[in-house]
Q: 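First the structure, which I've put down as structure tokens, then a few questions once you've had a look.
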Protein chains: 2
Amino acid sequence: MDTTQRTEQQRSADRRRRELLEAADRVVLRDGPQASMNAIAAEAGITKPILYRHFGDKSGLYAALAQRHTDALLNSLRAALDAPADRRERVEATLDTYLAAIEARPQVYRFLMHPAEGSPGGEQGFDVGKHAIPLLRRMGEELAQVIEDRLDLGPGGQQLARVWGHGIVGMMHAAGDWWLGERPCSRAELVRSLADLLWGRLAAAGDKVGGPGF
Amino acid sequence: MDTTQRTEQQRSADRRRRELLEAADRVVLRDGPQASMNAIAAEAGITKPILYRHFGDKSGLYAALAQRHTDALLNSLRAALDAPADRRERVEATLDTYLAAIEARPQVYRFLMHPAEGSPGGEQGFDVGKHAIPLLRRMGEELAQVIEDRLDLGPGGQQLARVWGHGIVGMMHAAGDWWLGERPCSRAELVRSLADLLWGRLAAAGDKVGGPGF
DNA sequence: TCTTGCGTGTTACTAGCGGTAACTCCAGTG
DNA sequence: CACTGGAGTTACCGCTAGTAACACGCAAGA
């Protein structure tokens with residue numbers, strides 16, 4: 001029951017845990033989102049049960065793995081959002097940061113976005129969004145907070161900021177996912193187009209002359 | 001090999017197929033996205049192998065099921081987009097149509113969005129977006145087409161329209177998913193907030209006085 | 001009428017998954 | 001020395017997607 005001893009054990013356990021997470025990272029990077037617990041255990045040089053002792057179940061491992069990347073990504077995004085520049089530049093920097101991240105490690109982010117959430121022995125029904133993609137939610141909430149803190153939106157601004165936070169994150173995610181699959185343009189062009197959208201160019205554009213009907 | 005005979009058989013097969021799809025619909029509506037092939041077969045009053053004879057594998061059944069709802073939803077969206085009203089009203093009507101649909105049948109749309117895509121014996125690697133959520137993609141492409149047809153965006157307008165199509169659909173989807181989970185406001189308020197975002201209110205809003213630093 | 005197909009359906013199985021129970025092994029302590 | 005507790009193993013359970021092989025019914029051809 002000595003404190004130093006307990007600390008020693010905990011340090012060892014933490015180191016193991018980090019090793020396991022790194023092994024899981026490698027497997028996910030290689031096999032994609034359908035990485036199995038067996039494969040991860042094998043990569044770590046051990047067997048399944050100790051993986052389960054460390055992380056509880058697959059969603060626990062997923063959560064731990066997700067937290068690492070989510071934290072790292074959110075830090076980058078915060079840095080971009082906090083840069084000393086005007087709003088447009090900050091928005092573009094944030095979009096570019098996210099897109100650069102998913103471009104650099106597509107499988108990791110696909111794993112984070114589509115955890116396959118196979119929890120067979122659990123609740124079911126109308127709990128839509130309960131176990132939903134935490135990365136997108138966290139990004140949405142953080143962005144909402146930034147928007148609410150920085151912008152003067154008048155009454156109802158808090159709710160507006162949350163809607164916008166989740167909406168913008170979803171826009172970024174979907175456009176990024178599509179862009180990653182088809183690569184129809186450069187990252188910079190994508191960033192500019194999305195920022196233009198947020199800047200109201202859709203509403204400002206003129207109707208096409210000779211259009212269909214009206 | 002008579003033609004009428006073949007037609008008779010095909011009609012019967014088509015009717016069976018429709019029955020099976022309706023049974024699958026019921027199960028998905030009841031059990032959520034993790035509906036098993038066994039459960040679907042049982043609901044239809046048959047057993048698994050004939051399900052597999054009709055649809056190949058689970059993704060085949062998913063694709064057939066998805067197509068029905070996707071087509072229905074896209075028709076509603078097209079109607080909203082084609083309504084004789086100004087642009088803002090059309091955008092709001094489209095958003096509202098989508099949100100009303102996911103509000104009416106949350107499980108169905110969760111099934112469509114998160115098909116769990118467990119294709120273990122297949123390709124893997126960098127094919128991000130290859131088997132990706134077809135509903136979102138189709139909506140994005142359709143919206144892109146409408147934008148490109150109706151708006152005068154100058155040179156590079158086609159690419160811009162596609163980016164915007166996928167981006168707006170993603171915004172709609174993410175915001176809707178979050179809203180379904182938390183229900184922080186009415187549907188009408190959500191629609192208004194999202195339309196405001198597209199109308200550039202984010203860019204136009206003033207900085208908060210007394211903000212953090214600058 | 002008997003037989004030959006063919007489509008429809010079944011039972012019974014494989015392989016692999018997430019997850020667990022129960023056992024072994026080894027370090028440190030009295 | 002005996003003992004206790006954590007690390008790790010084998011061997012299993014129940015479930016899934018998917019399949020092989022067999023049985024029934026019903027039309028056409030001799």
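It should be emphasised that the depicted structure is a prediction, and the values quoted were computed from it without experimental measurement. Just so it is clear: chains get the letters A, B, ... in the order the sequence lines come, proteins before strands, and each one is counted from 1.
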Q: Could R192(A) and D96(A) be called an ion pair, given the rule that one side-chain N must be under 4.0 Å from one carboxylate O?
A: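 No, R192(A) and D96(A) are not salt-bridged.
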Q: Picking from dG18(C), dG8(D), dT19(D), which would you name as closest to the side chain of P49(B)?
A: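 My answer, after comparing the listed nucleotides, is dT19(D).
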Q: How close do A64(B) and L21(B) get, heavy atom to heavy atom, and via which atoms?
A: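 A64(B) and L21(B) have their closest heavy atoms at CB-CD2, 3.9 Å.
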Q: Could you tell me how far apart Y62(A) (OH) and dC17(C) (C1') are, to the nearest whole angstrom?
A: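 For the pair Y62(A) OH and dC17(C) C1', the rounded distance is 19 Å.
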Q: Between dG18(D), dG18(C), dT11(C), which one does the side chain of Y52(B) approach most closely?
A: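 Within the option list, the nearest is dG18(D).
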Q: Taking CD1 from I50(B) and C1' from dA20(D), how many angstroms apart are they, rounded to a whole number?
A: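 Nearest whole value for this atom pair: 17 Å.
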Q: Starting at atom NE2 of H54(A), determine the distance to atom C1' of dG19(C), rounded to an integer number of angstrom.
A: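 Rounded to whole Å, this separation is 17 Å.
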Q: Can you check the N38(B) CG to dC17(C) P distance for me, whole Å?
A: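 Computing the N38(B):CG to dC17(C):P distance gives 19 Å.
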Q: Could you pull out the closest heavy-atom pair between W164(A) and S193(B), with the gap in Å?
A: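 Taking W164(A) first and S193(B) second, the nearest heavy atoms are NE1-O, 2.9 Å.
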Q: Report the relative orientation of the aromatic rings in W178(A) and H166(B); use parallel for angles under 30°, tilted for 30 to 60°, perpendicular for over 60°.
A: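 The arrangement is parallel - the two ring planes meet at less than 30°.
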Q: Please state how far atom CE in M37(A) lies from atom P in dC17(C), giving the value in whole angstrom units.
A: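 Taking atom P of dC17(C) as the reference, CE of M37(A) is at 12 Å.
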Q: Counting heavy atoms from C-beta on, name the nucleotide in dG8(D), dG18(C), dA17(D) closest to the side chain of S36(A).
A: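 Of the options given, the side chain of S36(A) lies nearest dG18(C).
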Q: Of the options Q145(B), E148(B), E141(B), which is the one that meets R162(B) in a side-chain hydrogen bond (donor to acceptor under 3.5 Å, both in side chains)?
A: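 When side-chain hydrogen bond (donor to acceptor under 3.5 Å, both in side chains) is applied between R162(B) and each of Q145(B), E148(B), E141(B), only E141(B) qualifies.
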Q: Starting at CG of L51(A) and ending at P of dG18(C), how long is that distance when rounded to a whole Å?
A: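 In whole Å, dG18(C) P and L51(A) CG are 10 Å from each other.
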Q: Taking all heavy atoms of G165(B) and all of L143(B), pick out the closest pair and write down the distance.
A: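 Minimum heavy-atom contact is O-CD2, 3.8 Å.
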Q: Does a side-chain N or O of T47(A) approach OP1 or OP2 of dG8(D) to a distance below 4.0 Å, or not?
A: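 No.
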Q: If you look at every strand shown and take non-hydrogen atoms under 4.0 Å, does I46(A) touch a base, only sugar-phosphate, or nothing?
A: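 The answer is sugar-phosphate, as I46(A) gets under 4.0 Å only of primed atoms, P, OP1 or OP2.
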Q: Quick one: on DNA chain C, does R53(B) or G56(A) contact a more 5' nucleotide (nearest heavy atom)?
A: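 Looking at the nearest nucleotide for each, R53(B) comes out on the 5' side.
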Q: Polar atom pairs between nucleotides 12-14 of chain D and protein, under 3.5 Å, N or O only, would you list them?
A:
none

Q: Between atom CG in D31(A) and atom P in dG16(C), what is the gap in whole Å?
A: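 Going from CG in D31(A) over to P in dG16(C) covers 14 Å.
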Q: Under 3.5 Å, is there a donor on one side chain and an acceptor on the other for N38(A) and S36(A)?
A: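 S36(A) and N38(A) do not have a side-chain donor-acceptor pair below 3.5 Å.
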Q: How close or far is atom P of dG19(C) from atom CZ of F55(A), stated in whole angstroms?
A: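 After rounding, the gap between these two atoms is 13 Å.
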